[in-house]
2 protein chains.
Amino acid sequence: MAGNTPLELEKFLPYRLSVLSNTVSQAIAREYEDRFQLSITEWRVVAVLGRYDGLSAREVAERTAMDKVAVSRAVAELMKDGRVRRATADHDKRQSVLSLTAKGRKVYNEVAPLALQHEQRLLAHLDVEEQLWLGRIIEKLLLAEKALGVDRP
Amino acid sequence: MAGNTPLELEKFLPYRLSVLSNTVSQAIAREYEDRFQLSITEWRVVAVLGRYDGLSAREVAERTAMDKVAVSRAVAELMKDGRVRRATADHDKRQSVLSLTAKGRKVYNEVAPLALQHEQRLLAHLDVEEQLWLGRIIEKLLLAEKALGVDRP
DNA sequence: CCGTTATAGTTTCAACTGAAACCATTTGCA
DNA sequence: TGCAAATGGTTTCAGTTGAAACTATAACGG
């Protein structure tokens with residue numbers, strides 16, 4: 001059973017996903033990193049706050065799939081730039097309440113269309129049927145992987 | 001045209017690809033990092049050398065989609081562990097000729113089936129039709145992104 | 001030939017990253 | 001109540017990363 005299918009990196013799903021994901025993310029990142037002084041992690045934070053104002057850091061972490069350290073640092077940076085404002089939750093003084101400043105909202109309003117546009121240009125290469133399959137398949141694989149990875153050390 | 005589709009991170013293709021790719025890669029990495037003292041970059045180098053012996057560092061970089069710095073470091077580490085051997089090309093003394101040692105080949109023979117098995121368990125959640133679509137779509141998207149990203153600074 | 005330019009690979013530097021330790025606050029429960 | 005455990009968030013530390021500079025060799029054009 002060992003030498004059955006030889007491992008061909010170019011055909012190996014995890015590898016292909018990684019290459020695709022990196023290629024796409026980096027292409028988009030290039031479009032705004034220089035122009036807006038915005039790292040990819042900062043952008044993710046701005047993106048969720050633009051849509052859901054007043055989240056706590058933990059909620060931002062959940063919605064961005066970043067860990068809390070990364071969120072903490074992105075928020076610190078964004079606050080330094082005056083793009084995010086932090087208050088303390090009334091009902092729980094440990095929690096923060098994060099929101100975009102006017103400056104932060106302006107960035108969001110400029111970058112979001114750029115990102116969506118890039119996505120559209122990409123999806124334009126797929127027909128509608130393919131787009132539907134893609135969405136479903138990503139969802140399935142993610143669930144599958146999570147199922148495989150339950151209770152592991 | 002600006003506020004048309006609001007950017008919803010959870011539905012944004014680049015974001016979803018990134019989450020999926022990281023989840024899958026990290027799950028597989030966990031299966032061999034501890035057991036074999038093998039990082040993900042080292043594993044990639046071993047994987048291509050296991051299949052194509054005698055590549056140069058640049059060729060390894062091409063086949064693994066890693067940059068030359070990463071390859072250089074992975075190779076250095078693998079040589080320290082006695083898993084990879086480096087010679088100098090006869091026809092061009094700048095180039096290296098890399099190959100697995102017996103020890104390296106042993107690692108390859110153990111890890112490759114593990115990786116393939118994980119991939120199979122994952123793909124088992126998709127029916128054959130979905131698997132075919134997935135392959136085609138990844139290929140298309142990668143080409144599309146490369147096409148978008150031609151001549152950029 | 002010889003100097004310029006290109007290529008293979010390594011090293012350096014600064015930024016980024018995550019795990020673990022940490023502090024503050026809240027929750028659960030004896 | 002009061003105290004142990006849990007939670008939100010930050011800081012520290014050590015390892016990883018990529019861009020740019022560097023070394024060595026080769027290719028090319030005059």
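All chains are named by letter (A, B, ...) in the order of the sequence lines, taking the proteins before the strands, and each is independently numbered beginning at 1.
Atom-to-atom, CG of D67(A) to C1' of dA20(C) comes out at 12 Å; the value is rounded to the nearest Å. To the nearest angstrom, C1' of dT17(C) lies 13 Å from CG of N22(B).
Remark: T41(B) pairs with S39(B) by the side chain to side chain donor-acceptor pair (under 3.5 Å) rule, at least two apart or across chains. Judged as a ring-ring contact (aromatic ring centres under 6.0 Å, His included), and not counting sequence neighbours, the contacts of Y32(A) are W43(A). Partners of E77(A) according to the salt bridge (charged side-chain N to carboxylate O under 4.0 Å, His left out) rule, which considers only residues two or more places apart in sequence or in another chain, are K80(A). Under the side chain to side chain contact (heavy atoms under 4.5 Å, CB included) criterion, E130(A) pairs with L126(A), D127(A), W133(B), I137(B), K140(B), sequence neighbours left out. For R85(B), the side chain to side chain donor-acceptor pair (under 3.5 Å) test picks out no residue, with sequence neighbours left out. Legend: residues meeting side chain to side chain contact (heavy atoms under 4.5 Å, CB included) with R35(B), ordered by chain and number and at least two apart, are L114(B).
Judged purely by atom type and a 3.5 angstrom limit, S21(B) has no side-chain atom pairing as donor or acceptor with the backbone of L17(B). Between the side chain of K103(A) and the backbone N or O of D81(A) there is at least one donor-acceptor pair closer than 3.5 Å.
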Tabulate atom names and distances for all N/O pairs under 3.5 angstrom spanning the protein and nucleotides 26-29 of chain C.
from: dT26(C); atom 1: OP1; to: K93(A); atom 2: N; distance (Å): 2.9

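Partner E145(B) forms a side-chain hydrogen bond (donor to acceptor under 3.5 Å, both in side chains) with one of H118(A), H125(A), R121(A) and no other, that one being H118(A).
A heavy-atom distance below 4.5 Å is not found between the side chains of T88(A) and V97(A).
Scanning residues 37-66 of chain B for heavy-atom distances under 4.0 Å to DNA chain D yields an empty list. Non-hydrogen atoms lying under 4.0 Å from DNA chain D are contributed by K68(A), V69(A), S72(A), R73(A), all within residues 68-83 of chain A.
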Would you be so kind as to tabulate the donor-acceptor pairs closer than 3.5 Å made by side chains of residues 65-74 of chain B, with sequence neighbours excluded?
from: D67(B); atom 1: OD1; to: V69(B); atom 2: N; distance (Å): 3.4
from: D67(B); atom 1: OD1; to: A70(B); atom 2: N; distance (Å): 2.9

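Applying the ring pair (Phe, Tyr, Trp, His ring centres under 6.0 Å) rule to pairs touching residues 71-105 of chain A yields nothing, sequence neighbours excluded.
When every heavy atom of E42(A) is checked against every heavy atom of Q37(A), the shortest pair comes out as OE1-O, 3.8 Å.
Of all nucleotides in DNA chain D having an atom under 4.0 Å from a heavy atom of chain A, the first and last in 5' to 3' order are dA6(D) to dT12(D).
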